[in-house]
Participant: 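I am attaching a structure below and will ask some questions about it afterwards.
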Amino acid sequence: LTFLVIIGTVFIQGTSARSLAKFLKVAEPAPNGVLIVGANPVARAIAGALDKLGLPVKLADSGWENVSAARMEGFDTYFGRVVSEHADMHMELIGIGKLMALSPHSALNSLACVRFKQEFGSGNIYRLQNSDEGRTDDHKAARRAFSGRKLFAEEMTHAKMASLLSQGAEIHITTLSDDFDYDRFRERYLNRAIPLFTLDEHERLYFFVAGDQSLQPRPGWKVASLLPSDLLEKLKDMDE
């Protein structure tokens with residue numbers, strides 16, 4: 001009888017605890033959010049698109065100018081070095097489960113990838129490459145060993161993305177459907193849209209990774225892509 005009471009108590013608690021926590025609004029949210037290393041214009045543009053998809057975003061930067069601009073845009077921020085002891089003690093990560101290293105500093109990106117790989121899992125660590133990476137075989141080997149998965153297109157760097165945004169490029173979010181699937185999406189944007197990430201019907205976030213063609217968004221998914229300014233002009237003329 002004692003064992004039955006113990007087993008029954010554990011079973012009831014195990015099956016009802018999460019539902020009760022949700023009802024009382026004390027449950028920890030699912031880790032769908034993204035920690036972004038950097039609060040520069042590139043990071044803020046990507047954070048804005050993630051925010052439009054309803055995902056929690058936190059930007060971390062040691063430059064006050066960037067942090068101030070991010071706060072003015074309404075983002076949750078951490079002011080300081082993301083790989084510091086202070087960050088370990090004070091940076092809140094509830095609801096955060098992925099890392100995007102978007103700093104223009106390669107060394108900081110690599111350190112952040114190493115720091116959060118164990119916490120988030122190696123499959124949830126991503127970085128935007130910088131122009132100074134991979135100049136020697138030793139550098140390439142080090143990047144593969146210590147850095148996360150390379151974001152977006154093979155040739156996309158932080159400097160190139162910053163340049164495109166400064167010239168008027170925009171991040172658009174498109175919802176796919178049976179009549180407007182991913183192939184139609186690429187045709188519509190003349191195969192020049194740069195896919196960034198996609199959200200499926202269950203609100204799971206996937207990033208497009210350089211050299212990986214396996215991610216194929218399906219109807220009902222939302223796709224965020226970067227559209228260069230000249231492409232936007234062409235689309236405008238076509239619609240008119």
Participant: Could you check if a side-chain atom of L176 sits within less than 4.5 angstrom of a side-chain atom of V223, using non-hydrogen atoms only?
Facilitator: yes
Participant: Is there a path of hydrophobic side-chain contacts, each under 4.5 Å between heavy atoms of I, L, V, M, F, W or Y residues, that connects I194 with M161?
Facilitator: yes
Participant: I'd like to know if F75 and L165 are part of one continuous hydrophobic network [Ile/Leu/Val/Met/Phe/Trp/Tyr, side-chain heavy atoms within less than 4.5 Å].
Facilitator: yes
Participant: Does the pair V57 and I36 meet the rule for a side chain to side chain contact (heavy atoms under 4.5 Å, CB included), with working shown?
Facilitator: CA-CA 7 Å; V57 182; I36 296 179; 3.7 Å; yes
Participant: Side chains of I173 and L53, heavy atoms from C-beta outward: is any pair under 4.5 Å?
Facilitator: yes
Participant: Side chains of D61 and Y78, heavy atoms from C-beta outward: is any pair under 4.5 Å?
Facilitator: no
Participant: Between the side chain of T9 and the main-chain N/O of V5, is any donor-acceptor distance below 3.5 Å?
Facilitator: yes
Participant: Are V82 and F120 connected in a single hydrophobic cluster, I mean Ile/Leu/Val/Met/Phe/Trp/Tyr linked by side-chain heavy atoms less than 4.5 Å apart?
Facilitator: yes
Participant: Around E201, counting heavy atoms of other residues, nucleotides and ligands shown, do more than 12 lie under 6.0 Å from its CD?
Facilitator: yes
Participant: Surrounding CZ of R81 (heavy atoms of other residues, nucleotides or ligands, distance under 6.0 Å), is the total greater than 12?
Facilitator: no
Participant: Are D181 and R184 close enough for a salt bridge, meaning some N to O gap below 4.0 Å?
Facilitator: no
Participant: Taking atom types as modelled, is there a side-chain donor on S163 or Q167 under 3.5 Å from an acceptor on the other?
Facilitator: yes
Participant: Less than 4.5 Å apart, any side-chain heavy atom of L128 and any of T157?
Facilitator: no
Participant: In terms of ring plane angle, is the pair Y182 and F208 parallel, tilted or perpendicular, where the classes change at 30° and 60°?
Facilitator: parallel
Participant: Run D237 and K234 through side chain to side chain contact (heavy atoms under 4.5 Å, CB included) and show every step you take.
Facilitator: CA-CA 5 Å; D237 293 339; K234 281 186 179 180; 5.6 Å; no
Participant: Any non-hydrogen side-chain atom of R127 less than 4.5 Å from a side-chain atom of M100?
Facilitator: no
Participant: Got a second to check how far I125's CD1 is from L99's CG, nearest 0.5 Å?
Facilitator: 4.5 Å
Participant: Classify the ring geometry between Y126 and F207 as parallel (under 30°), tilted (30 to 60°) or perpendicular (over 60°).
Facilitator: tilted
Participant: Got a sec: does the CD of Q216 have more than 12 other heavy atoms crowding it under 6.0 Å?
Facilitator: yes
Participant: Between the side chains of N40 and H158, does any donor sit under 3.5 Å from an acceptor?
Facilitator: yes
Participant: If two hydrophobic side chains count as joined below 4.5 Å and joins carry through other members, does F79 share a cluster with V83?
Facilitator: no
Participant: Is D76 salt-bridged to R71, cutoff N-O under 4.0 Å?
Facilitator: no
Participant: So, do L108 and V37 sit near enough that their side-chain heavy atoms are less than 4.5 Å apart?
Facilitator: yes
Participant: So does K222 pair up with D200, basic N to acidic O under 4.0 Å?
Facilitator: no
Participant: More than 12 heavy atoms of other residues, nucleotides or ligands under 6.0 Å from CD of E119: is that the case?
Facilitator: yes
Participant: Do L231 and Y189 touch side chain to side chain, with heavy atoms closer than 4.5 Å?
Facilitator: yes
Participant: When you measure from the side chain of Q129 to the backbone of K150, do you find a donor-acceptor pair of N or O atoms at a distance under 3.5 Å?
Facilitator: no
Participant: Among side-chain atoms of S214 and D212, is any donor-acceptor pair under 3.5 angstrom?
Facilitator: yes
Participant: Does a side-chain heavy-atom distance below 4.5 Å link L205 with L50?
Facilitator: yes
